[in-house]
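Notes follow once the structure below has been shown.
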Amino acid sequence: MPERTCLFCRKARSKSSLLRFVASSGALKADPAGVLPGRGAYLCRTRECLEGGLKRAGAFARALRTKAAVPDAAGVEKIIREAGL
């Protein structure tokens with residue numbers, strides 16, 4: 001099983017245990033199925049990592065090698081609800 005590293009806690013985990021994000025049309029989008037095209041960045045499926053990681057715009061810009069608008073507080077909560085946390 002391939003491993004990826006969480007942008008927030010920096011722990012390597014199996015790809016299936018992380019939530020993938022991509023930059024699409026200049027915005028950061030969650031890709032729970034892992035099927036959207038483009039470079040991906042990953043966060044653990046824990047509330048702590050999702051909240052902390054989504055506040056770090058610079059980390060996503062580096063990982064995705066492009067600028068992507070990080071969601072506001074309401075968008076972060078929506079992503080967390082969709083992840084089932």
Side-chain angles (χ1 to χ4, degrees):
M1 179 60 80
E3 286 193 342
R4 301 291 185 263
T5 301
C6 174
L7 286 178
F8 185 71
C9 69
R10 308 297 301 157
K11 290 184 181 174
R13 300 184 188 275
S14 67
K15 188 175 170 182
S16 62
S17 69
L18 300 170
L19 183 58
R20 182 175 187 253
F21 291 86
V22 296
S24 178
S25 302
L28 191 64
K29 295 191 179 183
D31 180 20
V35 296
L36 293 176
R39 189 171 184 85
Y42 297 84
L43 288 172
C44 293
R45 291 179 183 259
T46 65
R47 188 169 194 79
E48 178 185 0
C49 285
L50 287 172
E51 284 179 348
L54 289 170
K55 292 179 183 175
R56 292 185 172 176
F60 278 103
R62 281 189 305 277
L64 298 173
R65 297 183 183 163
T66 187
K67 290 191 180 200
V70 176
D72 59 3
V76 170
E77 282 301 317
K78 181 181 175 196
I79 291 169
I80 289 171
R81 276 194 313 275
E82 289 172 355
L85 301 173

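This one's a predicted model, so the numbers in the text were calculated from it and none came from an experiment.
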### Query
Hey, is Arg47 close enough to Glu77 for a salt bridge, meaning N to O under 4.0 Å?
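Yes, Arg47 and Glu77 are salt-bridged.
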How close do [X] and [Y] get, counting heavy atoms only, and between which atoms?
X	Y	answer
Lys29	Ser24	CD-CB, 3.9 Å
Arg20	Val35	NH1-N, 4.4 Å
Arg45	Pro32	NH2-O, 3.8 Å
Leu36	Ala30	CD1-O, 4.2 Å
Ala41	Leu7	CB-CD1, 3.7 Å
Phe60	Leu43	CZ-CD1, 3.8 Å

Working to the nearest 0.5 angstrom, can you tell me the gap between [X] [atom1] and [Y] [atom2]?
X	Y	atom1	atom2	value
Cys44	Arg4	SG	CZ	14.0 Å
Glu3	Ser17	CD	OG	8.5 Å
Leu18	Lys11	CG	NZ	12.0 Å

Do Tyr42 and Arg13 have side-chain heavy atoms sitting under 4.5 Å apart?
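With C-beta onward as the side chain, the pair stays apart.
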Practice item. Write out all pairs satisfying side chain to side chain donor-acceptor pair (under 3.5 Å) with one or both partners inside residues 58-67, taking only residues at least two apart or from two chains. Key: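 Sorted pair list comes back empty.
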Requested in this report: For the pair Asp31 (side chain) and Val22 (backbone), establish whether a donor and an acceptor sit closer than 3.5 Å, ignoring hydrogens and angles.
Outcome: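 Between the backbone of Val22 and the side chain of Asp31 there is no qualifying donor-acceptor contact (under 3.5 Å).
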Using side chain to side chain contact (heavy atoms under 4.5 Å, CB included), reason through Leu54 and Phe21 one step at a time and then give a plain yes or no. CA-CA 10 Å; Leu54 289 170; Phe21 291 86; 3.9 Å; yes
